[in-house]
2 protein chains.
Amino acid sequence: MKIGELASAAATKVETVRYYEKIGLLPPPARTSANYRAYGNDHLARLSFIRRARDLGFTLEAVRELLTLSDDKAQSCDAVDGIARVHLTEIDRKIADLSALRGELDRVIGSCRHGTVADCKIIETLAPRTLTAT
Amino acid sequence: MKIGELASAAATKVETVRYYEKIGLLPPPARTSANYRAYGNDHLARLSFIRRARDLGFTLEAVRELLTLSDDKAQSCDAVDGIARVHLTEIDRKIADLSALRGELDRVIGSCRHGTVADCKIIETLAPRTLTAT
DNA sequence: TGTACACCCTGTAGCAACTACAGGGTCAAG
DNA sequence: CTTGACCCTGTAGTTGCTACAGGGTGTACA
């Protein structure tokens, strides 16, 4: 199949496919006489794998590791589990960070009295207290 | 004050200060005879403002708008409030996305039976069902 | 007076993970 | 035979910095 068919079959973009090939995530396929890339089902499987892993938030580096691991069927699954667990920890940290931020921002917004900028509590919160009076 | 002093006073890096100047967030300061940047307290206030806004997760574009608004003291605070509310909505969306992701990832990890990669449920989840048998 | 060292300058390249061109070639339908 | 959809390579842009390379400056100490 051609690159456009592959891309739409895996719900990615043509440019992304070429990008994955360039960074070595997707092996270079055969070429037609017109120099078009010609993909098989193995390429589609690999690309779909990448996409699903990306959807789950894995970095391309993590995807690369997962692909390497998945190629060695006899190996223990623990390394895969480890990567997933590290990723889960990172997601938890991000959620915690964002929640803290949300709280602070909510507090700041709640202080808005809808007056002029001169009395704006939001601006005031952002400006350092010691230098507010210019 | 020199760029190093400004940077440490605002808990940023020298390169970041120069970067903010380059993209027009921080006005170019006067120069000494040796061509060193010479900053005043107004620069420190502005840089601190930028930093605090960034800490709250505002993009540089949002910071640029907030700075413009904060320069016009007579204006209504509502525009500022609006930017902050939009930002809050975005944070809420990000938290929701991450939570959904966390759930899915947790489920995937929970399915790990610690066998070989061939039976790995995590890999299986990533691989498309229709193509798992190669 | 020399020199070592911390600091400053400009400009460019790199990071993630793509996306969007520009400027061409190919192929099937009408 | 030409229109349009697709393909090719290569490069530059995105966000928000960070890290050089290759220089100049200022001060402290021997």
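Numbers restart at 1 for each chain; the letters A, B, ... are given by sequence-line order, proteins then strands. Being a predicted model, the structure only gives us computed values, none of them experimental.
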- Query: Any Lys/Arg nitrogen of A:Arg46 or A:Asp71 sitting under 4.0 Å from an Asp/Glu carboxylate oxygen of the other?
  - Reply: yes
- With sequence neighbours excluded, tell me which residues meet ring-ring contact (aromatic ring centres under 6.0 Å, His included) with B:Phe58. B:His87
- Message: Strictly below 4.0 Å: does B:Arg37 bring a side-chain N or O up to OP1 or OP2 of C:dC9?
- Response: yes
- Rounded to whole Å, the CD-C1' distance (B:Glu5 to D:dG26) equals 13 Å
- Between B:Asp92 and A:Arg102, is there a side-chain N and carboxylate O pair less than 4.0 Å apart? yes
- Message: Using modelled atom types and a 3.5 Å cut-off, is there a donor and acceptor pairing between side-chain atoms of B:His43 and backbone atoms of B:Pro27?
- Response: yes
- Message: Taking B:Lys2's backbone N and O only, do any of them form a donor-acceptor pair with B:Glu5's side chain (distance below 3.5 Å, no angle check)?
- Response: yes
- Query: Quick one: B:Glu21 CD to D:dG16 P, roughly how many Å, whole number?
  - Reply: 19 Å
- Item | A:Glu61 with A:Arg64: basic N within carboxylate O range, under 4.0 Å | yes
- For D:dT9, does either OP1 or OP2 sit under 4.0 Å from a side-chain N or O belonging to A:Arg31? yes
- Note on the structure: Whichever of B:Ala34 and A:Ser33 has the more 5' nearest nucleotide on DNA chain C, that residue is B:Ala34
- Note on the structure: In 5'-to-3' order, the base (B), backbone-only (S) or no-contact (-) status of each nucleotide in nucleotides 12-25 of chain C, using a 4.0 angstrom heavy-atom cut-off, is B----BBS-----B
- Message: At 4.0 Å (heavy atoms only), tell me whether A:Ile3 reaches a base, stays on the sugar-phosphate, or touches nothing.
- Response: sugar-phosphate
